[in-house]
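Protein chains get the first letters and strands the later ones, always in sequence-line order, with residue 1 at the start of each.
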2 protein chains.
Amino acid sequence: MTTSATPRERLLDAAGELFYRDGVNIGVDALCKAAGVSKKSMYQLFRSKDELIAESLASRGPMYQVLLHPGADDDRSPRERILTVFERQDELVASGNYLGCPYVSTAVELKNPEHPGSVVARHFKQQLTDFFHRELVTAGADDPSTLAIQLTMIFDGASARSVVRAQPLGGIGAATASVLLDAAGVHTGELATQAR
Amino acid sequence: MTTSATPRERLLDAAGELFYRDGVNIGVDALCKAAGVSKKSMYQLFRSKDELIAESLASRGPMYQVLLHPGADDDRSPRERILTVFERQDELVASGNYLGCPYVSTAVELKNPEHPGSVVARHFKQQLTDFFHRELVTAGADDPSTLAIQLTMIFDGASARSVVRAQPLGGIGAATASVLLDAAGVHTGELATQAR
DNA sequence: AGTCATGGAAACAGATCGGTTTCTAGCATC
DNA sequence: GATGCTAGAAACCGATCTGTTTCCATGACT
C-alpha cells in the first residue's frame, strides 16, 4: 500500500515509474497525485523537479542493476554472466513494458549533459561498462576496456532497436555480444589465455 | 534567407532542427516564430503538431541518408562503404552538434510506437538496415539479414553512447563494426566467397 | 486537554501548452 | 482603382506547466 512508505519513498517510486513511462515532461501534479503526496511536501523534500528526476533515477539504479546482472556469487563463467545481461534485456523487451534503457532515455530527453539527471545517467551507464570490464578481466580478454565499451554499445543498440521497432529482440543482443566475445577469445568456462 | 522558401519549407526546416535540438515538446509558438510563419498558416498546412513532427522528420530523411551514406556510384568496396557510415557518425559527434540519431531520439521521446512520428522513425531506421543489407549481399556475407541488423544496432549503440557521454566516440563504432564484418568474412575489396 | 509539527487538499501565480479566431497589410487580377 | 486572396500578427480559449502559499486535519507529546 502507498501509505506504508514515507512520502519521500513514495515520491521516488512514483517518479521513477512515471518519468520512465511518460517521459520527464510529465507534470509535477501527476507525480504527486500518483504518490499520494502534496506538492508542498514534494518541494520540501526536493529543491526542484530536476532534482527529483535525478534522485528518482538514482534510487532505481540498484533495482536495474540487480535486474540485469544479479550478484556475482554464482559459479557461472564470465562469458555466461555477460551474456545473461543480454538475455535479461531480451526478457524485459518480450514482457512488453520495456521502453528502452531508462538512463539513455532520460539523457536523450534532457538533451543537456549537465542536467543532474544526465549526470546520474552517465554514472549508472558507466557501472554497466564496469561490470563488463570486471568480467572480461576475470576471463583474461585481450582488450577488456574496449570490449566493455563495445558490449555496452550493443546493449544500448539493442535497447534502441526495441524502442524503434516495438517488437521482441529475438536474441540479437546476445548473439552480437557472442561474436565480439568469440573474437576476443572469451570462451565458456575457460580463460582466453588457456585457449591460446 | 527565410522568406525565399515557401512557408511550408520554412516550417519543415525549422521544425526539423528545433524538434531535434530541443525535443518534440518544444512549443508550436516557438516553431512558428523560428520559421517566420503564423500559427494560422501552420494549422492550414498541417493538421496537428503531431503531423508536423512526422512530416518534418520525413523531410529530413534524405539529408541524413546522404550525410551517412552518399550515392553508391563510387568504386569503394561494400566493407568500405559500410565503415564509412560509422566514420561519418564519428565526425558528426566530433563536430559537437550531435544529439543522437534523430529517429531514435524522436521514438524515445514519443514513447507511443503508433505515433506518426514513430512510424516515420521506424521507416528510416529500416532504410539504414536495408543499406547495410544491400552492401552485405554484394559482399557475399554469410547471413546478411542478421548482420545488417547488428550493424544498425552498433550504429544506435554508438549514438546512445555519444548522447550519454557527451564526448567524441574515437572510432569505437567503426572498430566494432569491423569485428563483426571480419567474423562474417567481409573483407576489403573482395567477396567473402573468394576468400573461402 | 492543550500544544505543536507533519503533511495533504487546494487555491494561487505567471507562464506556456495546442489549437482557433479575428483583423489587417500586401499583392495580384480585372 | 476596385476586388479578392494569401498569410502574418496577435488576441483568445481552456488546459497544463513549475513553483508557492494558505488552510486544515491528524496525531504525537506534555
Side-chain angles (χ1 to χ4, degrees), chain A residues 1-57 59 105-106 109-112 114-118 120, chain B residues 1-57 59 105-106 109-112 114-118 120:
Chain A
M1 56 187 60
T2 39
T3 48
S4 64
T6 68
R8 185 165 213 277
E9 291 167 337
R10 279 179 283 152
L11 259 177
L12 288 175
D13 255 34
E17 180 176 337
L18 291 183
F19 281 143
Y20 179 58
R21 206 189 60 192
D22 299 330
V24 295
N25 282 288
I26 188 172
V28 172
D29 284 312
L31 289 180
C32 290
K33 190 166 187 174
V37 171
S38 71
K39 288 171 71 178
K40 176 191 176 184
S41 303
M42 198 220 95
Y43 278 102
Q44 281 173 342
L45 292 166
F46 303 95
R47 237 171 293 156
S48 65
K49 183 192 176 185
D50 288 338
E51 188 173 297
L52 178 58
I53 291 173
E55 296 233 17
S56 67
L57 200 59
S59 77
S105 292
T106 302
E109 290 175 34
L110 292 177
K111 309 288 182 193
N112 174 13
E114 292 166 25
H115 188 291
S118 301
V120 172
Chain B
M1 59 182 56
T2 38
T3 49
S4 66
T6 69
R8 185 164 213 277
E9 290 167 337
R10 278 180 283 154
L11 258 176
L12 288 175
D13 255 33
E17 179 177 337
L18 291 182
F19 281 143
Y20 179 58
R21 206 190 59 194
D22 299 331
V24 295
N25 282 288
I26 188 172
V28 173
D29 284 314
L31 288 179
C32 291
K33 190 166 187 175
V37 171
S38 71
K39 288 173 73 177
K40 177 190 175 186
S41 303
M42 197 220 97
Y43 278 102
Q44 281 172 342
L45 293 166
F46 302 95
R47 238 171 292 157
S48 64
K49 183 193 177 185
D50 289 338
E51 188 174 296
L52 178 57
I53 291 173
E55 297 232 18
S56 66
L57 201 58
S59 76
S105 292
T106 302
E109 289 174 34
L110 292 176
K111 309 286 182 195
N112 174 15
E114 293 167 24
H115 188 290
S118 302
V120 172

ask   = Between B:S38 and D:dG8, does any side-chain N or O lie under 4.0 Å from OP1 or OP2?
value = yes

request  = Would you tell me if any nitrogen or oxygen in the side chain of B:R8 comes within less than 4.0 Å of OP1 or OP2 on D:dT6?
outcome  =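 No.
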
At a cut-off of 3.5 Å, list every protein nitrogen or oxygen paired with a nitrogen or oxygen from nucleotides 20-27 of chain D, distance to 0.1 Å.
unit_1 : atom_1 : unit_2 : atom_2 : d
D:dC23 : N4     : A:K40  : NZ     : 3.4

Would you compute the distance between atom [atom1] of [X] and atom [atom2] of [Y] and round it to the nearest 0.5 angstrom?
X: A:S59; Y: A:D13; atom1: OG; atom2: CG; result: 7.0 Å
X: A:K40; Y: A:C32; atom1: NZ; atom2: SG; result: 13.0 Å
X: B:L57; Y: B:Y20; atom1: CG; atom2: OH; result: 11.0 Å
X: A:F19; Y: A:I53; atom1: CZ; atom2: CD1; result: 4.5 Å

task = Show your reasoning for whether side-chain contact (heavy atoms from CB on, under 4.5 Å) applies to B:T106 and B:V120.
result = CA-CA 10 Å; B:T106 302; B:V120 172; over 6 Å; no

inquiry  = Would A:M42 and A:V28 count as a side-chain contact (heavy atoms from CB on, under 4.5 Å) here? Give the steps.
reply    = CA-CA 9 Å; A:M42 198 220 95; A:V28 172; 3.4 Å; yes

Take atom [atom1] of [X] and atom [atom2] of [N], then tell me their distance rounded to the nearest Å.
X: A:E51; N: D:dG19; atom1: CD; atom2: P; answer: 11 Å
X: A:D22; N: D:dC17; atom1: CG; atom2: P; answer: 11 Å
X: B:L31; N: D:dG8; atom1: CG; atom2: P; answer: 14 Å

ask   = Hey, are A:D22 and B:K111 close enough for a salt bridge, meaning a charged N less than 4.0 Å from a carboxylate O?
value = no

query = Is any side-chain N of the basic residue among B:E55 and B:R8 closer than 4.0 Å to the acidic one's carboxylate O?
reply =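 Between B:R8 and B:E55 there is a salt bridge, with a charged N closer than 4.0 Å to a carboxylate O.
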
request  = Name the nucleic acid region contacted by A:L52, choosing base, sugar-phosphate or nothing; use a 4.0 angstrom heavy-atom cut-off, strictly under.
outcome  =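 Nothing, no heavy atom under 4.0 Å.
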
ask   = Which nucleotide of DNA chain C is the first, and which the last, in the 5' to 3' direction, to come under 4.0 Å of a heavy atom belonging to chain A?
value = C:dG7 to C:dA9

